[in-house]
Amino acid sequence: MDEELHEMIREVVRSIPRGRVATYGDVADLSRAPSPRLVGHVLNQDGHDLPWHRVLRANGTCAPHIADTQHQLLREEGVAVADGKIDLRTYRWEDAVTEKAEEPPGLW
DNA sequence: CGGCTGACTGATT
DNA sequence: CAATCAGCCAGCC
């Protein structure tokens, strides 16, 4: 059953560090999901106890129906939200790609 | 079995 | 920066 994938996606989302964000594509890749759409679907169904607000679209924005809450929660964690968009180049969860994790500005 | 939808992405114009 | 197109996959009718 693909239930394992389902759990995997939730695990990845839960692994996102505080003050950082990830894109659907990243989560999909880390959870070996076949496509980012599955991530969205899973979060919609079982993302109630997950930090789904740390998952955004590739351009730094998020879905309209959750955007309001999303921005609010992110700000609580110290993530700067500018005009409904997050600066991915600064806050993107880079530990996943092991490129370079530079410290975000005024955080904590 | 076929078609539409969606918390998506990337490239192109 | 906005609009379009084409892949992508699961779920519902």
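Computed from a prediction, not measured in an experiment: that's the story for all the values here.
One atom, CG of A:L38, and another, P of C:dC12, lie 13 Å apart when rounded to the nearest Å. Remark: P of C:dC12 and CG of A:N44 are 12 Å apart, rounded to the nearest angstrom. Whole-Å rounding puts the A:H6 NE2 to B:dA7 C1' distance at 14 Å. Computed from coordinates, the A:I9 CD1 to C:dG11 C1' distance equals 14 Å when rounded to whole Å. Straight-line distance from the CZ atom of A:R32 to the P atom of C:dA10: 12 Å, rounded to whole Å. Between A:D68 atom CG and B:dA7 atom C1' the separation is 15 Å, expressed in whole Å.
As rounded to the nearest Å, C:dA6 and B:dA7 have P atoms that lie 22 Å from one another.
The environment of CG in A:D68 is sparse: at most 12 heavy-atom neighbours from other residues, nucleotides or ligands sit within 6.0 Å.
Salt-bridge annotation for A:D87 and A:R92: absent, with no side-chain N of the basic residue lying under 4.0 Å from a carboxylate O of the acidic one. A:E77 and A:R20 are not joined by a salt bridge, as no carboxylate oxygen comes within less than 4.0 angstrom of a charged side-chain nitrogen.
Within the model, atoms CG of A:L50 and CD of A:E11 stand 9.0 Å from one another, a figure rounded to the nearest 0.5 Å. Rounded to the nearest 0.5 angstrom, A:I9 CD1 and A:L43 CG are separated by 7.5 Å. In this structure, OG1 in A:T23 is found 12.5 Å from CD1 in A:I86, a value given to the nearest 0.5 Å.
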Between protein and nucleic acid, restricted to nucleotides 9-13 of chain B and to nitrogen or oxygen atoms under 3.5 Å apart, what atom pairs and distances do you find?
from	atom 1	to	atom 2	distance (Å)
B:dT9	OP1	A:A58	N	3.0
B:dT9	OP2	A:A58	N	3.0

How does DNA chain B read in dot-bracket, base by base from 5' to 3', with Watson-Crick or G-U pairs under 3.5 Å and | used when the partner is on another strand?
.|||||.||||||
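Contact of the A:H71 side chain with the A:C62 side chain is registered, since non-hydrogen atoms from C-beta on lie closer than 4.5 Å. Looking at A:L56 and A:L74, their side chains come closer than 4.5 Å, going by heavy atoms from C-beta outward. Using a 4.5 Å heavy-atom threshold, the side chains of A:Q70 and A:W52 count as touching.
The 5' end of DNA chain C is approached more closely, in terms of each residue's nearest nucleotide, by A:K85 than by the other of A:K85 and A:S35.
Of the candidates C:dG11, B:dA7, C:dC9, the closest approach to any side-chain atom of A:H41 belongs to C:dG11.
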